Amino acid sequence: MARFNQPPVKRTHALQPLSRDHYQGLVQAQHLIKAADGDANARRKALAAFVDAWNIENTEHFADEERLLIEHMSEEDRERLLAEHATLRELAERARAQRREVEPDGELLRRLGQALNDHIRWEERELFTRLEQSVDEATLAGIARHTEQIEAQRPRNAG
C-alpha cells in the first residue's frame with residue numbers, strides 16, 4: 001500500500017469538487033517546477049500547458065472559491081486567500097506573456113509552480129479544514145449544491 005508524507009484528507013462533500021481542482025493544480029505546479037531546470041522546449045511545453053489550464057479552469061476555480069467561500073472565512077484567511085490569488089493571477093499573466101518566448105524564464109516557472117503548490121497545500125491542509133469545522137451543515141449543503149454544478153461544468157467533466 002502506498003505511503004504518504006501527508007495522508008489524504010477526508011473532505012466534506014461540499015468541498016470535494018474544489019479539492020479535485022486542487023489535484024489538477026498540484027500536477028501543474030510539479031510540471032512547472034520540474035520544467036524550470038529543463039531545456040527551452042520543456043519550459044515552453046510546461047508553460048503552454050499551464051496557460052491553457054489557467055484559461056480554461058483555474059481562473060474559474062479562483063472565482064468560485066471567492067464567490068462561495070470567502071464570506072465564511074476569518075478575516076485573516078480571507079486576506080491571505082485574496083493576496084495569494086492576486087499573486088497567482090499576476091504570475092499567470094507573466095506566464096501568458098512568456099508563452100511564445102523562445103527561451104521562457106525558468107525562474108518564473110519555478111516561482112509560479114512553487115506559489116501554486118504552496119497555495120493549494122495551505123487551502124487543503126488549513127483553510128478547508130477550518131471551514132469544515134466552522135461552517136454549519138445547512139451552509140455546507142448550500143455550498144455543495146453549487147460545487148456539484150460547478151464540477152459538472154468543468155471542461156474535463158463536460159460532455
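The residues of the chain are indexed from 1 along the displayed sequence. The structure presented is a predicted model; accordingly, all values stated were derived computationally and were not measured.
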Enquirer: When you group the ILVMFWY residues by side-chain heavy-atom contacts below 4.5 Å and let the links chain together, are Val27 and Ile33 in the same group?
Expert: no

Enquirer: I'd like to know whether CD of Glu76 has more than 12 heavy-atom contacts from other residues, nucleotides or ligands below 6.0 angstrom.
Expert: no

Enquirer: Does the side chain of Gln16 come under 3.5 Å of the side chain of Thr147 through a donor N or O and an acceptor N or O?
Expert: no

Enquirer: At what distance, to the nearest 0.5 angstrom, does NE2 of His31 lie from CG of Leu116?
Expert: 12.5 Å

Enquirer: When rounded to the nearest 0.5 angstrom, what distance separates CD in Gln133 from OG1 in Thr12?
Expert: 11.5 Å

Enquirer: Using 4.0 Å as the upper bound for N to carboxylate O, is an ion pair formed by Arg121 and Glu126?
Expert: no

Enquirer: Taking the six-membered ring for Trp, are Phe62 and Trp54 closer than 6.0 Å centroid to centroid?
Expert: yes

Enquirer: Between Glu93 and Arg89, does at least one N-O distance fall below 4.0 Å, as a salt bridge requires?
Expert: no

Enquirer: Which residue in the set Leu82, Leu81, Val135 passes side chain to side chain contact (heavy atoms under 4.5 Å, CB included) when paired with Met73?
Expert: Leu81

Enquirer: Nearest 0.5 Å please: distance from the CD atom of Glu65 over to the NE2 atom of His85.
Expert: 4.5 Å

Enquirer: For Arg111, does the CZ atom sit with more than 12 other heavy atoms under 6.0 Å from it, leaving out its own atoms?
Expert: no

Enquirer: For side chain to side chain donor-acceptor pair (under 3.5 Å), just list the numbers for Asn58 and Gln24, CA-CA rounded to whole Å, side-chain angles, deciding distance to a tenth of an Å, and then say yes or no.
Expert: CA-CA 9 Å; Asn58 295 5; Gln24 299 298 321; over 6 Å; no

Enquirer: What distance separates Asp136 CG from His72 NE2, expressed to the nearest 0.5 Å?
Expert: 8.5 Å

Enquirer: Answer with yes or no whether the hydrophobic clustering places Tyr23 together with Leu18; edges join I, L, V, M, F, W, Y residues whose side-chain heavy atoms lie under 4.5 Å apart.
Expert: no

Enquirer: Look at Arg11 together with Glu124 and state whether they make a salt bridge at an N to O cut-off of under 4.0 Å.
Expert: yes

Enquirer: Between the side chains of Asp64 and Arg67, is the shortest nitrogen-to-carboxylate-oxygen separation below 4.0 Å, so that they form an ion pair?
Expert: yes

Enquirer: Enter the distance from Glu66:CD to His61:NE2 here, rounded to the nearest 0.5 Å.
Expert: 9.5 Å

Enquirer: Mind checking the CD-CD spacing from Gln149 to Gln153? Nearest 0.5 Å is all I need.
Expert: 6.5 Å

Enquirer: With a 4.0 Å cut-off on N to O distance, would you call Asp39 and Lys45 a salt bridge?
Expert: no

Enquirer: Run the salt-bridge test on Asp105 and Arg43 with the 4.0 Å N-O cut-off and return the result as yes or no.
Expert: no

